[in-house]
Each structure stands twice: as C-alpha cells, then as structure tokens.
Amino acid sequence: MRESILRNKSYDFALKIVELYKSLTSEKREFILSKQLMRSGTSIGANIREAEFAQSNKDFIHKMSIALKEANETDYWLSILKDSNYIPNDSFDTLYNKNQELIRMLVSTIKTMKNKA
C-alpha cells in the first residue's frame, strides 16, 4: 500500500515539475537550470516504478535509494531557482514541501526494507 501512495505522489510531483519546466522555458526563457530540475524531478517517480519490478529486496532498496538521491538533487535545483529569482517563494514552498514528503516516504520505505533484509 505504501509504495502505491508513493507511486501516485511521485507521479503527481513529476507533473508539477513538468508544468514548472514549461513555465520557466516559455515565460522566463530559462533552459539550463530548468532542464536539470526536469531531469531529477521526473526521475524520482521513474525509479520508484523501476523498483516495482525489482529482482530482489537488495535491488528494490537500490532503486529506492536512487529515487531518494534524485529527490535530494531536486531539492537543490528548486533552491537554486528560488534563490536566483526564477520561481516565486509560494511556488517554491509548494514544490519543496511535496518533495520533502517524498523524501520522508522514501527514507521510511528504505528503512523498512532494510529491516526485513
């Protein structure tokens, strides 16, 4: 059940990242930072999806750990975009909070699976 919630939340988050990417590239004409954010922000869900068909618990933990690293990187790019005034504080706060929720869920999932191993 937890992975299903995580799957859905990461997918919804990816859609929000795509929306922000479109806005940054069309309205602000910002292509470099936004592309990095797009890559890491959508990669979270992609790695969670990969973990669904992991070959072992170790493989599952590995894929979820990659998703966690991508979420951490996403946090970095969001902060850079906010601090360089490409995104307003309210947009940042919304995405940052959603990303932090994903990070907490990923950490919890990884810990649970490590305890089972």
Side-chain angles (χ1 to χ4, degrees):
M1 182 78 160
R2 177 175 274 278
E3 284 71 39
S4 175
I5 293 169
L6 185 53
R7 177 185 183 176
N8 293 339
K9 285 185 179 285
S10 65
Y11 186 80
D12 291 341
F13 181 74
L15 290 176
K16 298 249 183 277
I17 293 295
V18 170
E19 286 176 29
L20 178 57
Y21 174 79
K22 287 179 180 179
S23 171
L24 287 168
T25 56
S26 66
E27 296 170 21
K28 303 274 187 167
R29 308 297 294 163
E30 197 300 304
F31 299 98
I32 306 301
L33 300 173
S34 58
K35 186 173 183 177
Q36 291 294 115
L37 176 68
M38 174 78 134
R39 188 195 56 74
S40 65
T42 58
S43 182
I44 300 165
N47 280 289
I48 290 167
R49 287 281 183 102
E50 280 190 51
E52 290 176 5
F53 292 98
Q55 296 174 344
S56 64
N57 280 349
K58 185 177 178 180
D59 187 34
F60 179 86
I61 292 166
H62 177 71
K63 298 287 190 230
M64 288 298 201
S65 296
I66 293 171
L68 179 58
K69 288 178 183 181
E70 294 294 338
N72 188 51
E73 181 180 338
T74 298
D75 184 55
Y76 175 80
W77 294 119
L78 284 170
S79 295
I80 291 286
L81 285 163
K82 177 187 71 90
D83 292 341
S84 60
N85 298 314
Y86 277 109
I87 59 174
N89 286 342
D90 58 337
S91 296
F92 168 80
D93 290 343
T94 299
L95 289 170
Y96 177 82
N97 290 333
K98 289 182 182 301
N99 193 44
Q100 289 302 306
E101 181 180 18
L102 289 173
I103 288 172
R104 286 189 299 274
M105 292 174 77
L106 285 162
V107 167
S108 176
T109 300
I110 292 165
K111 282 183 181 178
T112 299
M113 289 306 291
K114 282 184 176 179
N115 289 337
K116 288 183 180 181

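Side-chain atoms are counted along with the backbone in the values below, which use heavy atoms only and exclude waters and symmetry mates. Throughout, residue positions are numbered sequentially from 1 according to the sequence presented.
Between atom CG of residue N99 and atom CG of residue L102 there is a gap of 6.0 Å, rounded to the nearest 0.5 Å. Separating the CE atom in M105 from the CD1 atom in I103 is a distance of 12.5 Å, to the nearest 0.5 Å. Between atom NZ of residue K114 and atom OG of residue S65 there is a gap of 5.5 Å, rounded to the nearest 0.5 Å. Atoms CE and CG, from M38 and L20 in turn, are 9.5 Å apart once rounded to the nearest 0.5 Å. Here the OG-CG distance, from S34 to L37, works out to 7.5 Å after rounding to the nearest 0.5 Å.
A continuous path of hydrophobic side-chain contacts links I5 to I110 [ILVMFWY only; heavy atoms under 4.5 Å].
Proximity of V107 to R104: side-chain heavy atoms (C-beta onward) are nowhere separated by under 4.5 Å. Contact annotation: the side chain of T74 approaches that of F13 to within less than 4.5 Å [non-hydrogen atoms, C-beta and beyond].
Between I44 and A67, the closest heavy-atom pair is O-CB, 3.7 Å. Taking every heavy atom of both residues into account, G45 and S10 meet most closely at CA-OG, 3.5 Å. A pairwise comparison of heavy atoms in L106 and A71 identifies CD1-CB, 4.4 Å as the closest pair.
F60 pairs with exactly one of K58, M64, H62 by the side chain to side chain contact (heavy atoms under 4.5 Å, CB included) rule, that one being M64. With T109 as the partner, the side chain to side chain contact (heavy atoms under 4.5 Å, CB included) test is satisfied by one option alone out of L68, L6, I61: L6.
Screening residues 22-32 for salt bridge (charged side-chain N to carboxylate O under 4.0 Å, His left out) gives no qualifying pairs among residues at least two apart or on separate chains.
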Show me the donor-acceptor pairs, under 3.5 Å and distance only, between side chains in residues 89-98 and residues at least two apart or in other chains.
residue, atom, partner, partner atom, Å
T94, OG1, D90, O, 3.1
N97, ND2, D93, O, 3.1

Report all side-chain donor-acceptor pairs from residues 77-86 shorter than 3.5 Å, counting only partners two or more places apart or in another chain.
residue, atom, partner, partner atom, Å
W77, NE1, E73, OE2, 2.9
S79, OG, D75, O, 3.1
S84, OG, I80, O, 2.7
S84, OG, L81, O, 3.4

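Under the salt bridge (Lys or Arg N to Asp or Glu O under 4.0 Å) criterion, E101 pairs with K9, sequence neighbours left out. With sequence neighbours excluded, the residues forming a side-chain hydrogen bond (donor to acceptor under 3.5 Å, both in side chains) with N47 are S43, listed by chain and number.
The pair R39-E70 meets the salt-bridge criterion, with a side-chain N (NZ, NE, NH1 or NH2) lying under 4.0 Å from an Asp/Glu carboxylate O.
Hydrophobic cluster membership for F31: none, as no Ile, Leu, Val, Met, Phe, Trp or Tyr side chain comes under 4.5 Å of it.
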